[in-house]
Amino acid sequence: MRLLLISNPTAGSNRAGLLQEVIDPLAGMFDEIVIRQTTQSLDALHFAEEATDFDALVVIGGDGTVFEVINGVAKLDKRPILGIIPGGTCNDFARTLGLPMVPRLAAEMIATQQIVEVDLGQVNDTYFLNFLGLGLVAEASIGLDTEEKARLGKMGYYLSTIRSSMEAEPFSYELELAEGQKMTGEAVLILAANGESLGGIGTNLSEGAYNDGKLDLVIVDEVNLTTIRDVILQKIGLATEPSFTHILTSGFTLKTDSPKVIDTDGEKAMHSPIEVSVLPEYLKMYSGRLDTLV
Ligand SMILES: Nc1ncnc2c1ncn2[C@@H]1O[C@H](COP(=O)(O)OP(=O)(O)OP(=O)(O)O)[C@@H](O)[C@H]1O
């Protein structure tokens with residue numbers, strides 16, 4: 001078995017010595033390990049595009065590096081099995097996969113070779129693993145400067161979300177689901193989630209969301225105390241009829257009154273209108289979830 005290890009040395013919690021710590025557990029499982037360190041943005045994307053001769057690809061980095069890797073790998077006919085060693089601030093998809101947040105322990109888990117099939121989201125010609133969002137989500141991370149992110153970590157996202165919530169401007173949308181339903185209205189946030197964690201916290205959307213062939217589409221028309229109460233009640237399993245709309249869908253087209261920034265896994269490179277679909281069980285990934293252990 002050949003392993004390509006891609007490491008972003010500038011990601012949040014990456015540090016000297018970490019590479020050696022994670023290689024030790026992986027060395028027992030693979031005959032050959034090739035290490036490639038990123039030196040700039042998009043290196044991970046290009047390394048992943050060239051990974052066709054590898055059986056596995058493990059990425060050490062945060063959600064931004066993982067996003068580049070899945071966009072590189074998605075276009076390959078023969079895709080390596082993917083593993084994530086959490087090296088960022090939120091590490092959302094590593095959480096969905098039940099991987100330990102301690103890099104050495106995540107490497108040990110990957111070395112047990114527990115594999116799950118994972119859906120991949122596609123929007124226009126870009127892929128996303130965790131979520132796609134517009135409105136509040138995109139604005140929350142735009143409102144966060146690098147210094148705040150470094151200093152406050154996850155807390156920075158929450159502060160920024162609160163800041164943006166208070167200024168949330170509703171926008172008009174037209175949605176057409178793959179299942180045929182059409183919806184129009186005003187929203188402050190539209191989110192399509194594949195993973196089960198957002199900004200480092202569990203969303204409590206449908207169980208097994210990452211391989212059900214569907215996205216959890218959430219539409220929030222306004223942020224008020226009722227919405228916040230319902231999010232909390234949902235989280236502790238008490239909400240029945242939340243004040244936001246939650247639909248399972250295998251894809252949709254979305255138009256807005258004016259072009260809105262689209263956030264894919266934390267990266268903002270496109271605007272609405274968009275066409276979104278799900279590639280069911282498209283990627284094989286190393287998992288640490290108890291429900292997938294044999
Ligand atoms: N050597 C490098 N120098 C500067 N930037 C890099 C380098 N390698 C990768 N990058 C860029 O750094 C960005 C941020 O990396 P990443 O998201 O992995 O870490 P993070 O920001 O700490 O984590 P998170 O996204 O979970 O907050 C990536 O989008 C990538 O393009």
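What you see below is based on every heavy atom in this structure, not just the backbone, and it leaves out hydrogens, waters and symmetry mates. Order of appearance sets the numbers: ligands from 1, and atoms from 1 within every ligand.
For atom 3 (N) of ligand 1, the candidate residues are Leu42, Thr10, Ile60, Thr65; the nearest heavy-atom contact is made by Thr10. Selection from Gly64, Ser41, Ala44 by nearest heavy atom to atom 17 (O) of ligand 1 gives Gly64.
Any N or O atom pair closer than 3.5 Å counts here, and Gly87 shares no such pair with ligand 1. No N or O atom of Glu267 sits closer than 3.5 Å to an N or O atom of ligand 1. Remark: ligand 1 and Ala11 share no N or O pair separated by less than 3.5 Å (distance only, no angle test).
Within the 4.5 Å cutoff, the side chain of Asn130 has no heavy atoms near those of the Asp63 side chain. At least one side-chain heavy atom of Ser41 sits less than 4.5 Å from a side-chain heavy atom of Glu68. Under the 4.5 Å side-chain criterion, counting only non-hydrogen atoms from C-beta, Val218 is not in contact with Leu189. With a 4.5 Å cut-off on side-chain heavy atoms, Met285 and Ile81 do not count as touching.
Close approach of ligand 1 to Cys90 is summarised as follows: ligand atoms under 4.0 Å from at least one heavy atom of the residue are 26 (O). Of all the atoms in ligand 1, the ones that sit under 4.0 Å from a non-hydrogen atom of Glu68 are 29 (O), 30 (C), 31 (O).
Tyr282 carries Arg79 over the face of its six-membered ring, with the cationic atom under 6.0 Å from the centre and within 45° of the normal.
Residue Gln40 touches ligand 1 through its backbone alone, judged by heavy-atom distances below 4.0 Å. When non-hydrogen atoms are compared, ligand 1 lies under 4.0 Å from the side chain of Asn8 (C-beta onward) but not from its backbone. With a heavy-atom cut-off of 4.0 Å, Thr38 touches ligand 1 through backbone and side chain alike.
Atom CE of residue Met29 and atom CG of residue Leu26 lie 9.5 Å apart, to the nearest 0.5 angstrom.
Residues Asp43 and Thr38 bring no donor and acceptor atom of their side chains to less than 3.5 Å of each other.
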